[in-house]
Amino acid sequence: MSFDAAKAKRYARHLVLKEIGLNGQKKLSVAKVLVIGAGGLGSPAVMYLASAGVGEIGIADYDKVDLSNLQRQIIHTTDRVGMKKTASAQISAKAVNPDVNIIPIDERLDPDNIIRIISEYDFILDCTDRFETKFMINDACVIAGKPYSHAGVVRFGGQAMTYIPGRGPCLRCLLGSVPHDSETCSNAGVVGAAAGVLGSIQALEAVKYITGAGKLLCGRVLSFDGLHMNVRVHKVSGSDPHCTVCGKEPSITDLSVNRNDYYIYGCSTGGDEE
Amino acid sequence: MVLINGTAENAAGMTVEEYISETDYNKSRVAVEINGEIISKALYTQTVLNDGDTVEIVGFVGGG
Ligand SMILES: [Zn+2]
């Protein structure tokens, strides 16, 4: 990255941080981050990654902007109702920072294409709205050896954690199998600002991973209860040696094994919320 | 006393299954770690909480 006066000014607040500085900013400028889902979590995540100067941001979503999304999905706007979410997100991200390269991925992520798509990126953000998809992303990241940030949100709160290959538990270590009673934002409701908190945490984890700053939510789960304003960081340091995807003798060695677990809903953040 | 999510609770002698059923947690959406080890769901009915155990119960939600 050629560091001209405009960039020095744009990223001035990063450059003064000892944990980021010029070196960290250069790392950000060549980093590739994939955000899966441009909804409640993905909206703030993409905006902060773009403003932070992450070189390439892939945005995967096959849905279109709906009026009911705008209460929380702050990357989209009223005049873009009906537009593809990837196109809308690209417009907003580029408006904030024209230097970043946005890659819209309109295809629905499934067990056949997800490994190919995530393999292009350094860090992945799971911003989807269903456990089925969250487990598909988890299993794909474990199999492909990719670090990723998990988060979920309903009502006034949710949780976030970061998976780093070989360094902490994966989602399957913690939950076992896919919960099929999952509440989604449509039947439970969600406050936009709560999704904003968790999506921002995901973007922050990506920035920390890329720059090497601080301590990730690896081996820890952050639970955010915005209704009573309680936050707890649970230590869950141990991976499960019997985990069916990241354990010593995994049964899920490719995504076809569990195809039916993920495939019913595929990857969505919008249409089936309504 | 059992230290559950940082709070001392009078739960010694209960199984994990019994404790969870008395709370708002949904069994399919929790992770339980006792003294640093994740307890698999199949063992909830036979795992008894002991005096002095440190337990983390993490509830998960799936929305986004
Ligand atoms: Zn695992």
Contacting region of Val221(A) [heavy-atom separation from chain B under 4.5 Å]
side chain
Most chain B-contacting option - heavy-atom pairs closer than 4.5 Å, from Gly176(A), Gly152(A), Gly199(A), Gly42(A):
Gly152(A)
Check ring-ring contact (aromatic ring centres under 6.0 Å, His included) between His76(A) and all other residues, then give those that pass, not counting sequence neighbours.
none
Let me confirm one number: the CD-CZ distance from Gln159(A) to Arg29(B), rounded to the nearest 0.5 Å.
9.5 Å
Give a yes or no on whether Tyr48(A) atom OH has more than 12 heavy-atom contacts from other residues, nucleotides or ligands under 6.0 Å away.
no
Let me confirm one number: the CZ-NE2 distance from Phe60(B) to His150(A), rounded to the nearest 0.5 Å.
5.0 Å
Considering only heavy atoms, which portion of Ile39(B) lies under 4.5 Å from any heavy atom of chain A: side chain, backbone, both, or neither?
neither
Under 4.0 Å between a Lys/Arg side-chain N and an Asp/Glu carboxylate O for Lys235(A) and Glu33(B)?
no
Tightest non-hydrogen contact, residues Pro179(A) and Ser28(B), listed as CG-O, 3.3 Å
Please find the pair of heavy atoms, one from Ile38(B) and one from Cys173(A), that lie closest to each other, and give the distance.
CG2-O, 3.4 Å
Select one option (side chain, backbone, both, neither) describing which atoms of Ser223(A) are under 4.5 Å from chain B's heavy atoms.
side chain
Using non-hydrogen atoms and a 4.5 Å limit, figure out which bit of Leu171(A) sits close to chain B: side chain, backbone, both or neither.
side chain
When you look at CD of Gln71(A), are more than 12 heavy atoms from neighbouring residues, nucleotides or ligands closer to it than 6.0 Å?
yes
Applying a criterion of heavy atom separation less than 4.5 Å, what residues of residues 2-17 of chain B form contacts with chain A?
Asn5(B), Gly6(B)
Please report the closest heavy-atom contact between Ala31(B) and Leu174(A), naming both atoms and the distance.
CB-O, 3.2 Å
For residues 238-251 of chain A, dump all side-chain donor-acceptor pairs below 3.5 Å to protein atoms at least two apart in sequence or in another chain.
residue	atom	partner	partner atom	Å
Ser239(A)	OG	Gly168(A)	O	3.2
Asp240(A)	OD1	His242(A)	N	2.8

Could you check whether any side-chain heavy atom of Lys41(B) comes within less than 4.5 Å of a side-chain heavy atom of Leu175(A), counting everything from C-beta outward?
yes
Using ring-ring contact (aromatic ring centres under 6.0 Å, His included) as the criterion, list what pairs up with Phe135(A), not counting sequence neighbours.
none
